[in-house]
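Protein chains get the first letters and strands the later ones, always in sequence-line order, with residue 1 at the start of each.
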Protein chains: 2
Amino acid sequence: MTTDGNGAGVGGSADAPTPAGPVGARGGRRAAPTLRQVAAAAGVSRATASRVINGGHLVSDQARAAVEAAIAELGFVPHPVARSLATRRTDSVALVVPEPNERLLGDPFFGHIINGLSLSLEAADLQMVLVVVRPGSGQDRAVRYLTTGKVDGAVVTSHHREDSLNRRLVESGLPCAFQGRPLGVDSACYVDTDNVAGARRAAEHLIASGRRRIGTVAGPADMAAGIDRLTGWREALTAAGLPVDAVEHGDFTVAGGTAAVQRLLRRHPDLDAVFLANDLMASGALGVLAASGRRVPEDVAVFGYDDLGLAATTTPPLSTVVNPVERMAARAGAMIADLLAGGEPSSAPVILDAELVLRASA
Amino acid sequence: MTTDGNGAGVGGSADAPTPAGPVGARGGRRAAPTLRQVAAAAGVSRATASRVINGGHLVSDQARAAVEAAIAELGFVPHPVARSLATRRTDSVALVVPEPNERLLGDPFFGHIINGLSLSLEAADLQMVLVVVRPGSGQDRAVRYLTTGKVDGAVVTSHHREDSLNRRLVESGLPCAFQGRPLGVDSACYVDTDNVAGARRAAEHLIASGRRRIGTVAGPADMAAGIDRLTGWREALTAAGLPVDAVEHGDFTVAGGTAAVQRLLRRHPDLDAVFLANDLMASGALGVLAASGRRVPEDVAVFGYDDLGLAATTTPPLSTVVNPVERMAARAGAMIADLLAGGEPSSAPVILDAELVLRASA
DNA sequence: TTGTATGCGTTATCAG
DNA sequence: CTGATAACGCATACAA
């Protein structure tokens with residue numbers, strides 16, 4: 001083993017240009033052992049030591065054993081930065097989230113995204129880096145960060161409004177996977193849920209249970225989820241020969257939903273059902289309806305969208321459409337992992353199903 | 001300027017060992033320009049080019065102008081990984097969050113943490129890396145990631161249960177700042193809110209408004225926030241000569257709060273007020289009270305804790321204690337930024353105030 | 001003020 | 001199977 005007290009310097013290998021003085025212990029952390037020290041302790045070259053670390057092919061059992069012993073003894077861990085510089089990989093991917101608005105702060109949505117993604121990335125030994133893009137110069141900043149080699153790829157949550165970010169990212173050549181159909185860019189590398197079908201089914205349920213005057217509070221007209229859920233609602237009502245004029249738009253927040261429902265009821269006091277593009281807004285609707293003396297679901301049925309926890313705790317509990325956010329994020333993570341492993345970019349998006357969950361409100 | 005069509009190779013500098021062949025364009029991304037190319041284009045040495053990039057001291061105006069022009073022309077951006085290897089800094093800090101449980105998924109808590117922290121880190125030109133620690137081997141994994149040079153420091157949200165993570169991190173020498181008083185470690189480098197005072201004030205308000213039989217649903221007994229809020233409640237009741245026997249513990253979730261309140265009411269049907277250690281549990285309590293035919297606040301007053309959005313939207317809206325989560329995270333970010341900039345570790349924690357917000361429930 | 005030389009810790013190439 | 005050695009891209013003592 002040739003491990004003299006010094007820890008290095010023996011072994012006869014001609015590669016020790018390092019001054020070898022007492023390591024400059026800055027702060028309080030003692031310097032981590034390097035590959036060179038491992039090689040010296042094992043009596044092999046750095047190249048051989050490196051081989052056993054990376055797969056261990058093409059090395060004699062003897063050399064491998066020696067190196068592994070040295071690694072264990074020194075507590076060696078490869079320095080990720082140095083490795084990145086050499087391999088030009090960082091083994092980390094960014095989760096890009098839109099500007100922090102009411103939705104980021106108060107919606108369980110992002111918690112689920114984060115959980116699903118970090119879990120699937122972990123399975124591929126990738127680290128998640130959260131990049132929140134702020135308005136103003138934040139986008140430039142984010143693009144610079146993402147395209148200068150600090151991450152190997154990105155999962156972009158495309159629930160934000162259409163802007164140039166998506167396009168800039170794919171044009172930069174950075175491997176990207178989108179969660180939610182991306183607007184403003186022509187990429188098939190995304191996973192989404194079938195928002196159209198989900199909304200349609202919700203509306204169909206309302207119709208099947210006898211409702212005839214059905215309104216909706218749609219999401220923002222410039223977000224994919226907002227557009228698609230409105231489309232599904234229209235499809236169902238049109239197919240049933242019902243009018244589709246009772247539409248208001250909300251911003252996916254409780255306050256926004258509250259205001260939108262008030263407008264809707266003012267214009268259409270005869271509504272016997274309302275479909276809201278997410279549960280947060282539906283929760284606001286519940287308050288408005290109660291305040292106006294309408295009973296849910298006897299007088300007005302309420303249907304939400306998301307089922308991310310809130311729906312089960314309102315009074316009455318909300319019937320809603322399951323938004324498989326966590327699974328979407330996980331699939332997006334797998335997608336980017338595939339891409340980074342050399343897989344081909346998927347030619348078709350992954351669309352997860354949108355099932356109903358019936359509770360008391362409709 | 002000596003810029004021949006080749007872009008490099010002139011200037012007489014003796015450092016061009018690179019083969020100079022057509023860059024291996026892997027994937028679809030064209031290779032980013034390097035410092036060497038900038039130096040060549042500007043007709044200076046790499047050292048000089050490096051100097052103008054890092055502050056620009058000790059360089060002639062002429063050289064600086066030439067380098068800046070070259071940078072602009074080539075669109076040069078320093079490669080962060082190479083820079084990190086040389087400087088031994090990464091300019092990024094980790095946000096360490098506990099295992100993903102119900103709280104991470106459904107609580108707006110983490111959204112606020114993320115927002116506050118990323119904002120303050122951005123001000124210090126630091127990038128936030130989110131590290132979620134899973135049960136099992138997740139902790140080893142996290143510690144390895146955090147202590148091998150991929151981040152310069154960490155902000156640890158200490159709302160998770162007491163475990164060895166805190167200790168392992170500070171012992172590793174990694175600069176750490178905690179959000180919430182850390183259990184299991186003796187560090188003054190944290191920012192918290194005065195949970196004891198907050199809970200005490202809430203209870204005092206209940207007492208001042210005439211309530212005499214006051215119960216509480218405390219948080220977990222092994223989390224700082226749970227412990228402190230219970231303490232505050234006890235202090236107020238004891239000072240008023242009221243009994244402190246009506247105590248149940250919940251897990252900070254709606255379901256947990258629901259169950260805990262049911263137990264509490266079974267044991268103490270005469271309660272005229274209840275203080276819950278967070279709004280999620282308070283929201284569960286609202287449902288139980290309504291179901292049992294008790295009016296809020298006429299029969300039973302309800303007081304929550306957090307005011308992170310939910311409290312304003314329940315029926316009735318919750319009186320609660322403001323938990324300045326975003327400001328805490330921001331302060332923790334500033335703390336770690338200071339530390340990394342060479343500042344001294346703070347000798348005393350930062351404690352933010354806990355104010356009441358009165359709504360209809362109490 | 002500028003340039004030279006070297007180090008940062010790995011991986012990868014290419015002779016042996 | 002193994003070992004020199006050259007990248008990787010940038011920063012920085014030190015010399016001039």
Side-chain angles (χ1 to χ4, degrees), chain A residues 8 11-21 23-24 26 31-40 42-64 66-67 74 76-91 148-150, chain B residues 11-21 23-24 26 31-40 42-64 66-67 71 74 76-91 148-150:
Chain A
S13 50
D15 59 18
T18 311
V23 284
R26 177 169 63 173
T34 74
L35 182 62
R36 170 175 286 135
Q37 292 168 19
V38 170
V44 301
S45 71
R46 281 180 299 166
T48 298
S50 179
R51 282 188 202 103
V52 1
I53 289 167
N54 303 13
H57 303 298
L58 268 34
V59 262
S60 65
D61 290 352
Q62 184 187 349
R64 185 197 340 280
V67 171
L74 297 177
F76 170 79
V77 175
H79 190 102
V81 175
R83 175 180 287 199
S84 287
L85 185 58
T87 60
R88 311 186 67 64
R89 291 181 303 107
T90 62
D91 294 316
T148 52
K150 295 206 67 156
Chain B
S13 51
D15 58 16
T18 313
V23 286
R26 177 170 64 173
T34 73
L35 183 63
R36 170 175 288 135
Q37 292 168 20
V38 169
V44 301
S45 70
R46 283 181 298 166
T48 298
S50 179
R51 283 187 201 106
V52 359
I53 290 168
N54 303 13
H57 303 299
L58 267 35
V59 261
S60 64
D61 290 352
Q62 184 187 353
R64 180 191 351 272
V67 171
I71 289 177
L74 297 176
F76 170 80
V77 176
H79 190 108
V81 175
R83 178 183 291 212
S84 287
L85 185 58
T87 61
R88 311 184 67 68
R89 291 181 303 107
T90 63
D91 295 317
T148 54
K150 294 207 68 156

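Put simply, NZ on B/Lys150 and CZ on A/Arg83 are 10.0 Å apart, with the number rounded to the nearest 0.5 Å. Atom-to-atom distance recorded for B/Thr34:OG1 and B/Arg46:CZ is 8.5 Å, nearest 0.5 angstrom. The CZ atom of A/Arg36 sits 13.0 Å away from the OG atom of A/Ser50 when rounded to the nearest 0.5 Å. Considering OG1 of B/Thr48 and CD1 of B/Ile53, their distance stands at 11.0 Å, rounded to 0.5 Å.
One atom, CG of A/Leu74, and another, C1' of C/dG9, lie 15 Å apart when rounded to the nearest Å. Atom CZ in A/Arg89 sits about 20 Å away from atom P in C/dG9, given to the nearest Å. Rounded to whole angstrom, the span from the CZ atom of B/Arg36 across to the C1' atom of C/dA5 amounts to 13 Å. Look at NE2 on A/His57: it is 17 Å from C1' on D/dT2, rounded to the nearest Å.
In this structure, B/Ser84 contributes its side chain and B/Arg89 its backbone to a donor-acceptor pair below 3.5 Å.
In this model, the phosphate group of D/dC10 is not approached by any side-chain N or O of B/Thr87 to a distance below 4.0 Å at OP1 or OP2. In this structure, B/Arg83 reaches the D/dA11 phosphate: one of its side-chain N or O atoms is under 4.0 Å from OP1 or OP2. For A/Ser60 and D/dC1, the shortest distance from a side-chain N or O to OP1 or OP2 is not below 4.0 Å. Residue A/Ser45 places at least one side-chain N or O under 4.0 Å from the OP1 or OP2 atom of D/dG3.
In this model, no side-chain donor or acceptor of A/Arg88 finds a partner on the base of D/dG9 within 3.5 Å.
For A/Arg46, whose side chain is taken as the heavy atoms from C-beta onward, the closest listed nucleotide among C/dT1, D/dA11, D/dT5 is D/dT5. Among the nucleotides C/dC8, C/dG3, C/dG9, the one closest to the side chain of B/Arg51 is C/dG3. Among D/dG3, C/dG9, D/dT12, the nucleotide with an atom closest to any side-chain atom of A/Ala47 is D/dG3. Here the side chain of A/Asn54 is nearest to one of C/dT11, C/dT10, D/dC10, namely C/dT11. Residue B/Ala86 places its side chain closer to D/dA11 than to any other of D/dC1, D/dA11, C/dG9. Nearest nucleotide to the A/Ala63 side chain, out of D/dT2, D/dT5, C/dT4: D/dT2.
Nearest-nucleotide positions on DNA chain C for B/Thr48 and B/Leu85 put B/Thr48 closer to the 5' end. Place A/Pro33 and B/Asp61 on DNA chain C by their nearest nucleotides, and B/Asp61 ends up nearer the 5' end.
Residue contacts for B/Leu35: at a heavy-atom cut-off of 4.0 Å it reaches the sugar-phosphate backbone alone, with no base atom in range. Using a 4.0 Å heavy-atom criterion, one finds that B/Ser50 contacts the bases of the nucleic acid, with or without backbone contacts as well.
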